[in-house]
> 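Just dropping this structure here.
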Amino acid sequence: MAASVLGVLFDGVAYGSLLFLISVGLSVTMGLMNFVNLAHGAFAMAGGYLCVALMQRAGMPFLATLPLVFLAIALVGAALERTLYRRLYDASHLDQVLFSIGLTFMAVAAATYVWGPNQQPVRLPGFLRGQIHPGGVDLGAYRLFLIGLVAATTLALHLLMAKTRFGARVRASVDNRAAAAGLGIPVDRIFVLTFALGTGLAGVGGAVGIDVLGLDPTFPIKYMVYFLLVVAIGGAGSIKGPALAALLLGVFDVAGKYYVPEAGAFIIYGLMLTLLAFFPRGLYGRKA
Amino acid sequence: MTTALRTEGLSKSWGGFVANSQISLSLPKGARHALIGPNGAGKSTFINLLTGVLAPSSGEVFLMGERVTHLAPHERVKRGMARTFQINTLFPGLTVLESVVLAICERSGAARIWHRTVAGRRAEIDEAWDLLARLHLDRDADRPTRSLPYGRQRLVEIALALAARPKLLLLDEPAAGIPTGESSEIFDVIAGLPDDVTILFIEHDMDLVFRFARRITVLVGGKPLTEGTPDEIAADPRVREVYLGELPHV
Amino acid sequence: MSELLRLDNVTAGYGDGIVLDDVSFSLKEGDSLALLGRNGVGKTTLLVTLMGFTRLHKGRLAWRGRDLGGMPTFRRAHAGLGWVPQERLMFPSLSVEEHLTSVARPGRWTLKTVYRVFPRLRERRANLGNQLSGGEQQMLAIGRALMVNPSLLLLDEPMEGLAPIIVQELVSVIRDLTTGTGMAVIVVEQHARLALALTRQAIILDRGRIVHRSDSASLAHDDRLLQRLVAVA
Amino acid sequence: MLRPFPTPAAVSPEEDVIRPAGPCERIARLPADRWTLRETAFWLMPVLGYFAFPGYLMLGSQILIAGLFALSLDLIMGYAGIVSLGHAAFFGTGAYAAGLLASHGWHEPLSGLLAGAAAAALVALPVSLLVVRGQDLGRLIVTLGIGMLFFEAANKAAAITGGVDGLSGMEIAPLFGLFDFDLFGRTAYLYSLGVLFLLFLLCRRLVHSPFGLSLRGIKENSKRMASLGAPVERRLVSVFVIAAALAGAAGALLAQTTRFVGLDSLSFQRSAELLIMLVLGGTGRLYGALIGAALFLLAQDILAGLDPVYWQFWLGLMLVAVVLYARGGVLGGAALLAGRIRGKRR
Amino acid sequence: PLKIGLVAPFSGPFADYGKQMDAGIKAYMHQHGDTVAGRKVEVIVRDTTGPSPEIAKRLAQELVVRDQVDFLAGFGLTPEALAVADIATQAKKPMIVMNAASSVVTTKSPYIARFSMALPQVVAPLASWAAKNGIRRVFTLVSDYAPGIDSEAAFKKALTEAGGEVVDSIRVPLRSPEFAPFIQRIKDSQPQAVFVFVPAGEQGIAFMKGFQERGLGAAGIKVIATGDITDDHVLDVMGDVASGMITSFHYSAAHDSPENKAFLQAYEEVAGGGGRANFMAVAAYDGMNAIYQVASKLNGKIDGDKAMEILKGMKFTSPRGPIAIDPDTRDIVQTVYIRRVENIGGHYFNVEFDHVPDVRDPGK
Ligand SMILES: Nc1ncnc2c1ncn2[C@@H]1O[C@H](COP(=O)(O)OP(=O)(O)OP(=O)(O)O)[C@@H](O)[C@H]1O
Ligand SMILES: Nc1ncnc2c1ncn2[C@@H]1O[C@H](COP(=O)(O)OP(=O)(O)OP(=O)(O)O)[C@@H](O)[C@H]1O
Ligand SMILES: [Mg+2]
Ligand SMILES: [Mg+2]
């Protein structure tokens, strides 16, 4: 059964990659910027709809839409940051929850109004459908694509945040806005950029997620739990954390479903509880 | 005369970095003992090991002869250990009075009571007012701690520690940020505590140290360099070299 | 020497509350000022008002003739204000070195020069902001402000928590700064004598008002005044 | 807390809104629970409502129940600082406990209510041990996960709970053997109101007690609490269990007054909506919980009535507006205003 | 006026249930006018906001005591129907169920009549059809919730009775987008066919995508399911992944009859652009038909018990084909069709190629 073990492992990693892709935006806005942005799913959904629209109306190829989606949603994010989010940085987390939930409701209703309550179709390009079989192992093409994408984004983001001066300034601004500003760091500009980055990523996550997760107006609420899981288990304030968390969740979920289907959803929640019991702050949590 | 506090080979390290190594210290009941040393010598770390805020890498802590090395912080407090923090650790949203009443209730055990109101706890409240008066905090009693100026927040730090009526009092730079005049007042209050109260304090203000300490331990690089009376320490060339320098005002 | 900073009848506070009441003074390039007073009289408030963290109810703040009033905080730093906050305000998720590099602006103060003044910081350069001892935090707060290469350094109780030997080091550094490099400083200190020894002029605040101003030297000899207004033993 | 940014709290202490200042100077502003006119007026409203809106009693009792549920969350979140996204777990436990009793031959409501509360408290004990360890975000997710587990468990145990089809066919005997649960929901309303009021008194006393003060202390700074000698985790466990019992009671009330228990009583949505209600009203004030619940459900009912399909949009708009213009929920905004006005007077 | 309270989800995850029913009702009134027996028909729409029994119950209660409706109608989800049953009984109001499909529903109140379907009703015929057509080794995969489990049981029973066997069964968690591992298991155990029951929408789509991606179809494994996975409303979204799927159901938009043509015509006119009509729209349409018949028989004076007498044993031809209400169970009796998904002129349809007449709910 070696082949099947490998296969399961691969599927798990791929699923984990997907979980990470739909959550990475949040690990920027919530994890790094420390804004409890439950509207993350709404940005993801927007990205999804935009992707579908570009493919159906403008007949663009799937991959070509992704950069556009990123830019467009990043712009939306920036606009919202300047007008609304900005005012809530020094509000309590609970106010932020209330606010972003409110936004989510509005987004859901708006999406229902524009696209109707039912699912949206996506047609992946041929080379992303079906499987390839190197050495007897069946690998889904799209899953390979997801894994590649995750590797790239994780590395890029990690370097940006941990190694560059920009990253340091972001962390400084988040740790203490007053002190950062008082020392000449242009906090507002830094925040709007970072937030745009986060929302842009959310958009892309939504777009690449459609094929597996589907896309309808309830998307932001339906998958909210998954976003939160990944970021919280990974630990706020890091990119490695959520990535690792997503992969763990993915592998365990898939393996569980394959070997002990009876266990159903318990596996994933059980795993999460054990992880948090041992790492109350998440795998790479920032110290309180 | 019995020992109030004793440590055996107390050590703490983070990764490769050793903050405290093999500190064995023993304070008799009623001691007025100062802990001095360069910045980063490990003084606050030592206090945190004593109070259980940090777990030691190795070594033992004995309070009144009882081994408390593995007790939770609050358990040690119950056994008479109280401390102040070098960096204010207060209840920003509570008023000064509430904070102190709370501290007193914790000591008196009243904090478990859920079926009577705080306002009904006459004894605790009166005690709180007396304490505030002694530290000249009474006029700020009803202000949220958050809105107090820094120096007065330092006083609240001390008030919370005294509220515990400790047998062993650990003070981490209590006078920092308080005008020299007032800080010696505070030390008078502290020195005025009953004689069976043992006091270990960290302070960088040498006037205060030499005025109030009966013995002094000098910590350098996590290790005790020397221990002695104020005069011995002031005279010790090694201490001058690593810590005192050419004190302008002594 | 041209005028650097000028306050005209500044009245400021937090929210609607008023803390600073009708404060006026001015400072020349390279000049040095000691700001004294008991706890809660408004020393810190005055400094954070310069940084733009309070509400300016009345009066005018001028920086080299230009109005500071509406200027966002980070621009004030660019304009040349270097702030050493009383609470130190470290960044828990930045290493010591990142603290310094992330705010660095061109000038004579660089990693190297800061490390020369505070060798301790070099030893601890990999530690995070919340993994420092009190004194180390104080050093970092000062070093961090120097990296901005300001023309006015605002020191809010800079000696708090520093070992005597470091204090002496710092004293000489600040002296050099003012005399040598033409950097101006405002020093808030509880050890009044120390502050006076460091500066040319002095101001004493009480309940948000300026109750005394003179040159530091003469104030240093007026024990009764110091005792009354600053509670110096 | 960073001083350069004045926080509303620093400008106007919350105390004013929740606690009347005592006459005796020395205990000024200390937690005491003397009744104020404001409060009496507040509690008259539901009584008047009973006579004024006979057609809306069902909605009324559901608001009262939601209020009780929100109250229980306020205990752990507003006072002890434990944010929970899984509080429905205890609501549902209470509901199923009461429901199962009622559908298995035990029809007396009050004992059913107690059973619900007890059951919730019982399961809360082990859970709390897991919850209190973590930090904010961690706790949020632990509670969320627990909620999910309960949901899945109830779904799998379809034989007992009826799974997604829900638990129906329960009978409730008349209250005190006198008042039947009528079609118009009169009994249901008064029953809920009574229970809510009694339990509210309990909470009110609890938060004004030394125990309540110590909870606030833990929320403000648990590190300091430990060094004052407070057994922080034990305190949190006890308040968590108490809160769970209240949530269980709320669940039981719902089960008894609607004679149905659905899986949704354990759902994430319910926990999330609860959080919204509480934050909307304002945390750490008890009354915020009641006001928030009323506001949310009324808005939902009215908006959904006006626009059955897109009402969520307007609800969302309302939430956003509240946050932008009234920090700390409705009562938070009120407190701020009050402070402003007092500030002007000075 | 003749008041009808429509209680259904119009927002949340089941929003399109409400939309479909509402459109079905509008379609009927569009065809047959908005007055019956001299009374103007007024439909009062109420949103239960998704699976939320207590709100459903509250709304029903308010419709009864405040608006004094003559009929309660709608009920997309079983729990909501069950919660309202009490009200119907207490208030003696006929309760026309237009979707909720668990067997138990009709047993909870003598005032309930169901015009949609009961799950086992459509499952059993599929099993017997499969066995009859040489599909004997079947793998079942159902969502892990009551409807899923009911259909699993019903299918197993019918299949084994017909001489087939269920080689293995999996119950998949409700909110779980990842089907890969399950599909891999199916592939490994090489059955002749897999019987699927998952909620229509992304779950169904996700399953079929995985099924194709892993080339189970190529490996000769058939997918058989109840029609709600290839619901007319989502079929075009699934696209070619669904083509060839064999399902059993009581209604297909492709059903060839004058009644259906007329219905689709009317539906198009009232809800054009809102997507294709599906079985819920039809159930609502038929429910209205029944209400009109009752109203005219009682010439406008609605009395709960009389109304139920008329509903029991009611028979007429629906867009889906002939239907009747069983006098004992007040549940629907109807023809169940076996269909295959085919692409007709760029759109996908369930094309009926076999049928079983007069099917009752075997669950009773
Ligand atoms: N979490 C940590 N990880 C690594 N090193 C740490 C950590 N916390 C403290 N340190 C280091 O341990 C050393 C001792 O710190 P400590 O606070 O005990 O010094 P101190 O004697 O109190 O100095 P000061 O007089 O300045 O307060 C410091 O050099 C500090 O950098
Ligand atoms: N964030 C705040 N909100 C409201 N009032 C404040 C705030 N910070 C300070 N104050 C008030 O402003 C006044 C001046 O405080 P400030 O900190 O400027 O005094 P200070 O002279 O710096 O005292 P210290 O010597 O203790 O640092 C005090 O009465 C204080 O209560
Ligand atoms: Mg220290
Ligand atoms: Mg100050």
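In this text the structure is predicted, and so the values were computed from the model without any measurement. Hydrogens, waters and symmetry mates are skipped; everything else that's a heavy atom, side chains included, is used.
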> Please output the residues of residues 108-117 of chain B in contact with chain D, using a heavy-atom cutoff of under 4.5 Å, in numerical order.
Ala110(B), Ala111(B), Arg112(B), Ile113(B), Trp114(B), His115(B), Arg116(B), Thr117(B)

> Pick one of side chain, backbone, both or neither for Thr89(B), based on which atoms fall under 4.5 Å of a heavy atom in chain D.
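Both parts, backbone and side chain.
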
> Run the side chain to side chain contact (heavy atoms under 4.5 Å, CB included) check on Met225(D) and Leu102(B) step by step: do they pass?
CA-CA 9 Å; Met225(D) 281 305 277; Leu102(B) 172 56; 3.7 Å; yes

> Would you find more than 12 non-hydrogen atoms of other residues, nucleotides or ligands less than 6.0 Å from Asp196(B) atom CG?
yes

> With a 4.5 Å heavy-atom cut-off, do Leu228(D) and Val77(B) have their side chains touching?
no

> Donor-acceptor pair, distance only, cut-off 3.5 Å: does the side chain of Asn221(D) make one with the backbone of Phe91(B)?
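Not a single qualifying donor-acceptor pair exists.
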
> Do Thr51(B) and Ser227(D) have side chains that get closer than 4.5 Å, going by heavy atoms?
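Counting from C-beta outward, Thr51(B) and Ser227(D) never come under 4.5 Å.
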
> If you tally heavy-atom pairs under 4.5 Å against chain B, which of Ser238(D), Gly217(D), Gly212(D) wins?
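Answer, by heavy-atom pair count under 4.5 Å with chain B: Gly217(D).
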
> Working to the nearest 0.5 angstrom, can you tell me the gap between Leu90(B) CG and Glu220(D) CD?
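Rounded to the nearest 0.5 Å, the CG-CD separation comes to 10.5 Å.
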
> Between Leu202(D) and chain B, with a heavy-atom cut-off of 4.5 Å, which part of the residue counts as in contact: side chain, backbone, both or neither?
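Contact with chain B: side chain only.
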
> Can you check side chain to side chain contact (heavy atoms under 4.5 Å, CB included) on Arg224(D) and Phe85(B), steps first, answer last?
CA-CA 9 Å; Arg224(D) 180 48 123 169; Phe85(B) 291 83; 3.7 Å; yes

> Can you name the side-chain hydrogen bond (donor to acceptor under 3.5 Å, both in side chains) partners of Asp140(B), sequence neighbours left out?
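For Asp140(B), the residues satisfying side-chain hydrogen bond (donor to acceptor under 3.5 Å, both in side chains) (neighbours in sequence not counted) are Arg152(B).
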
> Can you tell me which portion of Ala103(B) sits under 4.5 Å from chain D's heavy atoms? Options are side chain, backbone, both or neither.
both

> Start with the C-alpha gap between Leu213(D) and Cys105(B), add the side-chain angles, then the distance that decides, and say whether side chain to side chain contact (heavy atoms under 4.5 Å, CB included) holds.
CA-CA 10 Å; Leu213(D) 184 57; Cys105(B) 287; 5.7 Å; no

> Does Lys78(B) reach the main-chain N or O of Gly229(D) with its side chain, forming a donor-acceptor pair under 3.5 Å?
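Checking the backbone N and O of Gly229(D) against the side chain of Lys78(B), a donor-acceptor pair under 3.5 Å is found.
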
> Give a yes or no on whether Leu198(D) atom CG has more than 12 heavy-atom contacts from other residues, nucleotides or ligands under 6.0 Å away.
yes

> What are the two closest non-hydrogen atoms of His74(B) and Ala230(D), and how far apart are they?
CB-O, 3.3 Å

